[in-house]
Asks: 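Here it is, the structure in full.
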Number of protein chains: 2
Amino acid sequence: MKVNRRTQAERTAATRAALVAAGRTLFGNHGYAAVGTQSIVAEAGVTRGALYHQFKDKQGLFAAVYDQVEQDITAEIATQVAQIGASDPLGALKAGSRVFLERATDPAVHQITLVDAPAVLGWSEWRARGEEFGFALIEGILLAAIAAGQIADQPVRPIAHVAIGALDESALYVAAAEDKAAATEDVVAVLNRIIDSFAI
Amino acid sequence: MKVNRRTQAERTAATRAALVAAGRTLFGNHGYAAVGTQSIVAEAGVTRGALYHQFKDKQGLFAAVYDQVEQDITAEIATQVAQIGASDPLGALKAGSRVFLERATDPAVHQITLVDAPAVLGWSEWRARGEEFGFALIEGILLAAIAAGQIADQPVRPIAHVAIGALDESALYVAAAEDKAAATEDVVAVLNRIIDSFAI
DNA sequence: AGAACTTACGAACACTCTGTATGAAAGTTA
DNA sequence: TAACTTTCATACAGAGTGTTCGTAAGTTCT
């Protein structure tokens, strides 16, 4: 028989996935502070007991949601970047920036990763987690650009931080604009110009 | 006689000032969410009744704190910028950036204006309030640079947004670094290079 | 397979915190 | 001095987080 016999790993995976998915939509649409744990578990179809068993607290769930969102958009950008390849790292940086801007137009994405995450996780924790995602991507591209002789050999961390800051703010600017297409072109022009300024 | 006779305006000004000062230190040191209204009124030497009479809610107090902090650092930067004057707007932009980085090293400043404000006020409200402060400053400098023929005639809003983003993130990067002086020099080098790239 | 054990979950409780309501005190106006 | 408004203090109601404790589901050992 064993009609509904699921292994423990399957159970945990299912409930965690349901909770993360629910948190993603709710946090993304209303912001972290405006969403109660009750709404989350209702959306996920579980109880608060399950939530607090799987995650330390509300912040823990948010961290999991954040990781998932970052994972998604970073993977998407990475594939775009990979198509251009190591032949033209700065070109890949431009292309990746555009993809990021387009993806970050999604309210859920920028509300979670750009607005709430720094306040909820704390800035340093936010950046520490970002290390493995967009940060690693940009630093990798910069190093490739150095190796390819496109930019001068120099420390990439400060540049990466400035770049991330410019990109994040640009994304929010585009997301808030009425004419998103025009806003995208405006900031892409500025960003490309800055990128070009680093070329040897 | 009239030992302690204060006018109504004086009373409101005093309690509001006390509340804003208390909120500034507490929000700045522990973050918005970690500070209860009870702690604030205790620090300010008033009761919660006074708080909720003077401000709509906790967010209202935070908004007042935010405005005050922005007011302070913007004024400081503006005087620095004014010393260089309209003769060299791009030079003034560089100088202003450095002052901003140094001031934003103060944990209270960046916790309030950069980490909590977007999440508490919402991004668009945050930016709307920022319009009259740092934003107006940068746009004014850019317009002056155009007038002085230092940069090409172009829309300044997208540039200002990218610049603000780069500056904000740079400030947080410096604030989190162990060797703040070295980190400052690193990002200043990057920022100055970017600024120069806009020169005609 | 059955017993002992561990993991996942459900329901109820305790606590904290925000915002409001109501009344008193201080100040203003006539 | 009296009527009125503003400022503040206290008490209360409601919402929400995290914990506790019991139960069910799954795993391991013999």
Side-chain angles (χ1 to χ4, degrees), chain A residues 1-23 25-27 29-66 116-117 119-122, chain B residues 1-23 25-27 29-66 116-117 119-122:
Chain A
M1 281 303 190
K2 56 174 179 174
V3 272
N4 267 343
R5 188 169 185 88
R6 295 182 302 172
T7 179
Q8 296 279 57
E10 286 171 346
R11 294 209 321 174
T12 34
T15 62
R16 286 182 74 100
L19 285 168
V20 169
T25 61
L26 291 175
F27 289 150
N29 289 334
H30 308 100
Y32 177 82
V35 176
T37 53
Q38 196 60 252
S39 328
I40 300 173
V41 298
E43 171 86 14
V46 300
T47 65
R48 282 169 31 85
L51 193 163
Y52 279 90
H53 176 71
Q54 295 292 345
F55 299 96
K56 180 179 177 296
D57 51 14
K58 195 182 164 191
Q59 279 192 32
L61 171 61
F62 180 84
V65 170
Y66 171 80
D116 278 333
V120 174
L121 304 175
Chain B
M1 282 302 188
K2 55 176 181 176
V3 273
N4 264 345
R5 189 170 185 87
R6 294 182 304 171
T7 179
Q8 297 278 56
E10 287 170 347
R11 294 208 324 173
T12 34
T15 61
R16 286 181 73 100
L19 285 167
V20 169
T25 61
L26 291 175
F27 288 150
N29 289 335
H30 308 100
Y32 177 81
V35 176
T37 53
Q38 196 60 251
S39 328
I40 299 174
V41 297
E43 170 86 13
V46 301
T47 64
R48 284 169 29 85
L51 192 163
Y52 279 90
H53 175 71
Q54 295 292 345
F55 299 96
K56 180 179 177 298
D57 51 13
K58 196 182 164 191
Q59 280 191 30
L61 171 62
F62 180 85
V65 171
Y66 171 79
D116 277 334
V120 174
L121 304 175

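Note that the structure is a prediction, hence the values are computed from the model and not measured. Here is how names work: the chains are called A, B, and so on, in the same order as the sequence lines, proteins then strands, and each is numbered from 1.
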Asks: Taking the nucleotide of DNA chain D with the closest heavy atom to each, which residue, A:Gly49 or A:Ala34, is nearer the 5' end?
Replies: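 Counting from the 5' end, the first nearest nucleotide belongs to A:Ala34.
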Asks: Is A:Val41 touching bases, backbone alone, or none of the nucleic acid, heavy atoms closer than 4.0 Å?
Replies: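 Nothing, no nucleic acid heavy atom in range.
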Asks: For the side chain of A:Arg11, starting at C-beta, report the closest nucleotide among D:dC8, D:dT27, C:dC9.
Replies: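 From the listed options, C:dC9 comes nearest.
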Asks: Ignoring the backbone of B:Thr7, work out which of D:dT27, D:dC8, C:dG27 is nearest its side chain.
Replies: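 For the B:Thr7 side chain, the nearest candidate turns out to be C:dG27.
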Asks: To the nearest 0.5 Å, how far apart are CD in A:Gln38 and OG1 in A:Thr47?
Replies: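 Rounded to the nearest 0.5 Å, the CD-OG1 separation comes to 9.0 Å.
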Asks: Check the distance between C:dC9's C1' and A:Glu10's CD and give it to me in whole angstrom.
Replies: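 Checked: the CD to C1' distance equals 17 Å.
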Asks: Could you measure the distance from the CD atom of B:Gln54 to the CG atom of B:Leu19? Nearest 0.5 Å is fine.
Replies: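 Those atoms lie 7.5 Å apart.
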Asks: Rounding to an integer number of Å, can you tell me how far B:Arg6 CZ sits from C:dG27 C1'?
Replies: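 B:Arg6 atom CZ is separated from C:dG27 atom C1' by 11 Å.
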Asks: Let me know the distance between OH of A:Tyr52 and C1' of C:dC13, rounded to the nearest Å.
Replies: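 It is 14 Å, rounded to the nearest whole Å.
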Asks: Mind checking if A:Thr37 touches a base, just sugar-phosphate, or nothing, with heavy atoms under 4.0 Å?
Replies: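 Result for A:Thr37 = sugar-phosphate.
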Asks: For A:Tyr32, is the NZ or CZ atom of A:Lys58 found under 6.0 angstrom from the centre of its six-membered ring and inside 45 degrees of the ring axis?
Replies: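 Because its charged atom sits under 6.0 Å from the ring centre and within 45° of the axis, A:Lys58 does stack over A:Tyr32.
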Asks: Tell me the closest heavy-atom pair linking B:Ala64 and B:Phe55, and the distance in Å.
Replies: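 Here B:Ala64 and B:Phe55 meet closest at CB-CE2, 3.7 Å.
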Asks: A:Leu51 CG to D:dT17 P: how many Å, rounded?
Replies: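 Atom CG in A:Leu51 sits about 10 Å away from atom P in D:dT17.
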Asks: How far does CZ of B:Phe27 sit from CG of B:Leu61, to the nearest 0.5 angstrom?
Replies: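 If we round to the nearest 0.5 Å, B:Phe27:CZ and B:Leu61:CG are 5.0 Å apart.
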Asks: Would you tell me if any nitrogen or oxygen in the side chain of A:Thr15 comes within less than 4.0 Å of OP1 or OP2 on C:dC9?
Replies: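 Yes.
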Asks: Would the distance check show the side chain of A:Arg48 and the main-chain N or O of A:Thr37 forming a donor-acceptor pair, the cut-off being under 3.5 Å?
Replies: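 The answer is no, because no donor-acceptor pair under 3.5 Å joins these two groups.
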Asks: Rounded to whole Å, how long is the line connecting atom NE2 of B:His53 with atom P of D:dT5?
Replies: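 Checked: the NE2 to P distance equals 14 Å.
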Asks: Can you tell me which residue among A:Asn29, A:Thr25, A:Ile40 is in a side chain to side chain contact (heavy atoms under 4.5 Å, CB included) with A:Val35?
Replies: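 It is A:Ile40; the other options fail the test.
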Asks: Do A:Arg48 and C:dG10 have a side chain to base donor-acceptor pair shorter than 3.5 Å?
Replies: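 Result: no qualifying N/O pair found.
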Asks: Please give me every residue in residues 54-66 of chain B whose heavy atoms get under 4.0 Å of an atom in DNA chain C, ordered by residue number.
Replies: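 B:Asp57, B:Lys58, in order of number.
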